[in-house]
Novice: 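One structure is given below, represented as structure tokens, and several questions about it will come after.
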Amino acid sequence: MPSIDYTLASYSELFMLLAAFAYTIAFLAFTWDLAKSSKTIRSVESRLEQKTSVRETVPAGAGAGAGNGSARDWDADGSREAQTADSAMGYTGPRRNAARVGVALTVLAAAIHAAGVVTRGMAAHRVPWGNMYEFCTTGALVVAVVFLLVLTRRDLRFLGTVVVGLVLVMMMAATIGFPTPVAHLVPALQSYWLIIHVSVAVIASALFTLTFAMSVLQLLQADRETRIRAGRKERLPFMRIVPSAQSLENLSYRINAVAFVLWTFTLMAGAIWAEQAWGRYWGWDTKEVWTFVIWVVYAGYLHARATRGWTGTRSAWLSIVGYLCVVFNFTIVNMFFSGLHSYSGV
């Protein structure tokens, strides 16, 4: 068995640190974009309220055709028909310089992060997901890459704050909660099924992370839309740059459907690997049980939305519960429950 290359391992740790720094700046850029959007929208509202007030004092027809953006184009609450990004998931509003900086920094961070994951694998002469530290760092990278890939098809920069924030949480969890020196795999993990089973699980978890972020924003957007319909003042003006709750729900449902298929394969591949490693397909190990629980929750989510009409906030909450089960499985179960998966490096 090749010896561990500790020089590459130290480079991997340095790359992870640099990537975390770049992600942090990207997170601040996305957050600044939202804050700036909120300030801009409030400024526009203030000017429109002044125009509306002046218009009400002018005799009928006296100001017809004068000025840009007449009051008739706006609703009573000062917004243009409960403004949100369109159903194509566009990113509306003023120039998004901060958001563009956030995307560029996320690309840079992901490239450095990838170097850290690759050098970790090269140091150990194996795939770099043999313990919780490696699973979290690789999972965080996949979340960032999936987010960037989706950006090439749909403008989801409004998710930047939440997604990059979750990436940072995963990297901090790996460094603080699951620090594991680079080492060779235990015998039970020395199988090609490690590559198949864990890689698919990482991709599915990354997709679930994206839909979790969308579901949280869906709840916020649904609350905002309800307040506007009731004639009350909205709490979060920056949510106007976010698509409608219905658009978020539809895209989240489609992504969850893909992730569910991948998770189903993860469950099946794990059973086949268990038969090869331990001589049985299913043994009610804690990790196996919670993997199945996650499958049941997302199966219930898809079934309830597709056939039972569970749309809107109920759909969003089911998606959030499913993701919380994923987090529980990869944290609490590994840390506090003993079982055949206790070799996972925590």
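Residue numbers count from 1 along this sequence.
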Novice: With a 4.5 Å limit on heavy-atom distance, are the side chains of T106 and F30 in contact?
Specialist: yes
Novice: Taking all atoms of both residues into account, what is the closest heavy-atom pair of L219 and A316, and its distance?
Specialist: CD2-CB, 3.7 Å
Novice: Could you go through I4 and H125, starting from their C-alpha distance and side-chain angles, then the distance that decides it, and tell me whether this counts as side chain to side chain contact (heavy atoms under 4.5 Å, CB included)?
Specialist: CA-CA 7 Å; I4 299 297; H125 303 282; 5.5 Å; no
Novice: In terms of side-chain geometry, is the basic nitrogen of E275 or R280 positioned less than 4.0 Å from the acidic oxygen of its partner?
Specialist: no
Novice: How about S319 and S215: does a side-chain donor come under 3.5 Å of a side-chain acceptor?
Specialist: yes
Novice: Determine, for W310 and R314, whether the Lys NZ or Arg CZ falls below 6.0 Å from the six-membered ring centre while staying within 45 degrees of the axis.
Specialist: yes
Novice: Distance-only, no hydrogens or angles: does the S205 side chain make a donor-acceptor pair with backbone N or O of G139 under 3.5 Å?
Specialist: no
Novice: If only atom types and distance count, is the side chain of Q276 paired as donor or acceptor with the main-chain N or O of W273 below 3.5 Å?
Specialist: no
Novice: Indicate the atoms forming the closest heavy-atom contact of I195 with V127, along with that distance.
Specialist: CG1-CG1, 3.6 Å
Novice: Walk me through it: do M122 and D5 pass the test side chain to side chain contact (heavy atoms under 4.5 Å, CB included)?
Specialist: CA-CA 8 Å; M122 293 173 62; D5 190 329; over 6 Å; no
Novice: If you look only at distance, which donor and acceptor atoms sit under 3.5 Å apart when one is on a side chain in residues 293-306 and the other is two or more places apart or in another chain?
Specialist:
from : atom 1 : to   : atom 2 : distance (Å)
W295 : NE1    : T264 : OG1    : 2.8
Y298 : OH     : Y323 : N      : 3.0
Y301 : OH     : N256 : ND2    : 3.4
H303 : ND1    : T307 : OG1    : 3.3
H303 : NE2    : T307 : OG1    : 3.4
R305 : NE     : E249 : OE2    : 3.1
R305 : NH2    : N250 : OD1    : 2.8

Novice: Strictly under 6.0 Å, is that where the ring centroids of H113 and Y23 end up?
Specialist: yes
Novice: Only one of W129, F178, F330 forms a ring-ring contact (aromatic ring centres under 6.0 Å, His included) with F135, so which one is it?
Specialist: F330
Novice: For a quick test of reading the model, state the closest non-hydrogen atom pair linking A174 to T137 and the distance between them.
Specialist: CB-CG2, 3.7 Å
Novice: Assess, by modelled atom type and distance only, whether the side chains of S244 and S247 contain a donor and an acceptor separated by less than 3.5 Å.
Specialist: yes
Novice: Which atom names give the shortest non-hydrogen contact between W290 and C325, and what distance separates them?
Specialist: CZ3-SG, 4.1 Å
Novice: Could you tell me whether W317 atom CH2 has more than 12 heavy atoms of other residues or ligands within 6.0 Å of it?
Specialist: no
Novice: Using a cut-off of 6.0 Å, state whether more than 12 heavy atoms not belonging to Y11 lie near its atom OH.
Specialist: no
